[in-house]
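Sharing a structure with you now.
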Amino acid sequence: MAAATAGGVRLLHPRPWARNLRRTARQLSTLAASLPIENAEELTTTAAAPKPLTSTNTDKNPTAYYPKRGQTLELVCESLAFKGKGLCKVADTGFIVMCDRALPGEKFIGRVTRKKDNYAEVKKLKTISPHWDNVEAPCEFASHCGGCKTQNLLYEAQVRAKEQQLHELIVHVGKFSDKDPEFDGIMKPIVPCDIQFHYRNKMEFSFGTRKWVPEEFLHQECDETNEYALGLHAPGFFDKVLNINKCLLQSDSANKVLAAIQDIWRDPELGLSPYDVHSHHGFLKHLMLRSGRNVETGQPELMVNFVTSSYKPELLKPLVEKVATFPDVVSIMNNVNTSVGNTSVGEEEYTLFGKSTIVESLRELKFQISANSFFQTNTHQAEILYKLIEDCSCLKGDGSEIVLDLFCGTGTIGLTLAKRAKHVYGFEIVDQAISDARRNANLNGISNATFVQGDLNKIGDNFGEYFPKPDLVITDPNRPGMHLKLIKFLLNLKAPRIVYVSCNPATCARDLDYLCHGVAEKNIKGCYKLKSIQPVDMFPHTPHIECVCLLELR
């Protein structure tokens, strides 16, 4: 059920148990605040709120406050924590346990696998009764590959949980009071994604020397004798690959190409071998599929990128000839990565067929995307996200204002704002991203944007000399958030407005706390007021949350 509001769509809570959430949150707030950010975020509860606990210990001995490793417990998942883990409590003691793939209301048997000082982790062994808002996952591997952990949870419940996760992090990590009369106006309702499948424009698959088969599939007969795999990694394992013929998150065109490659690459006559991450022998490392769209015809474009351990185009020739027959394929690339690491970025890049880039349109601008470019993975929802950023920026539009774009990537945010600004200055550590940003500026005839390569976590005292004082700062850091050195710089810079775009609400909440409240132990004073926080669901069926925050100088 959804209700339209001025700030987006608010998903209404159909159950009265949501009002019990804050009681559980208060029990965890002291604990979460005392932990490092990576632990605090796990212990933050969500709006898929608690019911009365009915969990019991299946062991004969009375439940200890600290459950032992290997101990079996009967549990009820109360809510979701950040990163999608189910939060449960041991009966009678209230001790917190976290379980991957446990969903609100689910009653299950779990075994303790890891114990920390303030909580334990359990592995779900058996579901006794299903969770609330249970739906059937359309993908047979949804509960195994790790990409779509909540596919079997009603979408409305997914976004409701994400909205509440952000709420609790802002309160308990960011230290903003939800009792403040202005708080409800600051926290905007989440913007859901109206396309829940086939929304990813980039997928990366790994080649493996041996298929990983989930335990419940081991009994199934298999006619294939070749154990090689091409697919996605089993959660938590760098050397186990789940063979995938179709992924519901990528386009139909990409799935057709994936299926065609799966059909032929194991043929012994081709002489192709997957890279072995243990012995460091083998040829094929990764397969990356990127989708774009011809901005003139509107037709889809597909880039296929083979990542290999060496440059041997003759070995790839049969695959190239097969893939090139698909009309949507306009680019076939080969990134050569000779290192023993598992990265898909190569030291050398070769064009095997067609062109070296594909094009995508965003906010009426064209962006050339190379094999290693960063680009928003959900183009449809990125349109909405960037419109929110533009609205939040409050630029006058008369070309009088300076914009500082930190962690600018390939310049997508800064370039969409350039038409309303006097000048945009973008900074990014990745040299290839800066090259792409400059190329995209030229492609769109934008001359009032300057992009500079540099590490924002290692800025010096003279950093501010590279640009005039900005009227607006856009910061879009990666998951670790901003370094304290950069936060101190922003507090001294005192730009009138900061728009903080985040893919990790835990580190975002921490940085908002520093910018607004300061860091007393380091004698750092905050000078900003939090005006709004807008969560956006960019990746349905995953635990990821994006948010856009506006801060104004006090």
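Numbering of residues begins at 1 and proceeds along the displayed sequence.
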Whether over 12 other heavy atoms sit under 6.0 Å from Asp461 CG | no
Please assess Glu546 against Cys503 for the test side-chain contact (heavy atoms from CB on, under 4.5 Å), listing each intermediate value before the final yes or no.
-> CA-CA 5 Å; Glu546 199 95 5; Cys503 62; 3.7 Å; yes
Main-chain N/O of Asn504 paired with Ser502 side-chain donor or acceptor, under 3.5 Å |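 Pair found, side chain donor or acceptor close to backbone of Asn504.
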Would the number of heavy atoms belonging to other residues, nucleotides or ligands and lying under 6.0 Å from CD of Glu204 be above 12?
-> yes
Side chain to side chain contact (heavy atoms under 4.5 Å, CB included) with Phe176: which of Ile533, Leu512, Val171?
->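 One option only clears the test, and that one is Leu512.
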ring-ring contact (aromatic ring centres under 6.0 Å, His included) with Phe427: which of Phe463, Phe489, Phe451?
-> Phe463
Over 12 foreign heavy atoms within 6.0 Å of CG, Asn523 =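 For Asn523, atom CG is not crowded (no more than 12 foreign heavy atoms under 6.0 Å).
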Quick one: does Asn201's side chain have a donor or acceptor within less than 3.5 Å of a partner on Gly292's backbone?
->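 Absent.
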Sidechain N-carboxylate O distance under 4.0 Å for Glu401, Arg420 |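 Answer for the salt bridge query: no.
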Decide whether Ser206 and His286 meet the rule of one side-chain donor and one side-chain acceptor closer than 3.5 Å.
->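 Note: Ser206 and His286 side chains meet the donor-acceptor criterion.
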Taking side chain as C-beta onward, heavy atoms only, is Cys547 less than 4.5 Å from Gln534?
->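 Heavy-atom side-chain distance check fails, nothing below 4.5 Å.
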Should we say atom CD of Glu296 is surrounded by more than 12 heavy atoms from elsewhere, each under 6.0 Å from it?
->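 12 or below, so no.
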Output yes when a side-chain donor or acceptor of Arg290 lies under 3.5 Å from a complementary backbone atom of Asn305, and no otherwise.
->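 Checked: no pair found.
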Hey, is Asp513 close enough to Arg510 for a salt bridge, meaning N to O under 4.0 Å?
->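 A salt bridge is absent here (no side-chain N lies under 4.0 Å from a carboxylate O).
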Are Tyr425 and His423 near enough that their ring centres are under 6.0 Å apart?
->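 Ring-ring flag for Tyr425/His423: true, centres closer than 6.0 Å.
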When you look at Tyr500 and Asp476, which way does the side-chain hydrogen bond (donor to acceptor under 3.5 Å, both in side chains) test go after all the steps?
-> CA-CA 6 Å; Tyr500 191 126; Asp476 186 9; over 6 Å; no
Going by distance alone, is a donor N or O of one side chain under 3.5 Å from an acceptor N or O of the other, for His380 and Asp194?
->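 Looking only at side-chain atoms, Asp194 and His380 do form a donor-acceptor pair, the distance falling under 3.5 Å.
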In chain order, what residues pass the side chain to side chain contact (heavy atoms under 4.5 Å, CB included) check against Arg363, with sequence neighbours excluded?
->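 Result, side chain to side chain contact (heavy atoms under 4.5 Å, CB included) vs Arg363: Glu383, Tyr386, Lys387, Glu390, Thr416.
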Ser370 and Asn372: side-chain donor and acceptor closer than 3.5 Å?
->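 Asn372 and Ser370 do not have a side-chain donor-acceptor pair below 3.5 Å.
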Would you mind reporting whether Leu289 and Phe205 have side-chain heavy atoms less than 4.5 Å apart?
->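 Answer yes - side chains close enough.
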With the threshold set at 4.0 Å, does a side-chain nitrogen-carboxylate oxygen contact exist between Arg497 and Asp471?
->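 Judged by the 4.0 Å cut-off on N to carboxylate O distance, Arg497 and Asp471 do not form a salt bridge.
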Take atom NZ in Lys422; do more than 12 heavy atoms of anything else shown fall under 6.0 Å from it?
-> no
Short question: side chain of Asn444, backbone of Lys366 - any donor-acceptor pair under 3.5 Å?
-> yes
May I ask you to decide if Met538's main-chain N or O and Asn378's side chain share a donor-acceptor pair within less than 3.5 Å?
->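 Checking the backbone N and O of Met538 against the side chain of Asn378, a donor-acceptor pair under 3.5 Å is found.
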Interatomic spacing from CZ in Phe374 to CD in Glu428 - rounded to 0.5 Å |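 The distance works out to 9.0 Å.
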Gln250 and Arg200: side-chain donor and acceptor closer than 3.5 Å?
-> no
Backbone N/O of Cys193 and side chain of Gln196: donor-acceptor pair under 3.5 Å =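 Side chain of Gln196 to backbone of Cys193: a pair is present.
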May I ask you to test the Val336-Glu349 pair for a side-chain heavy-atom distance under 4.5 Å?
-> no
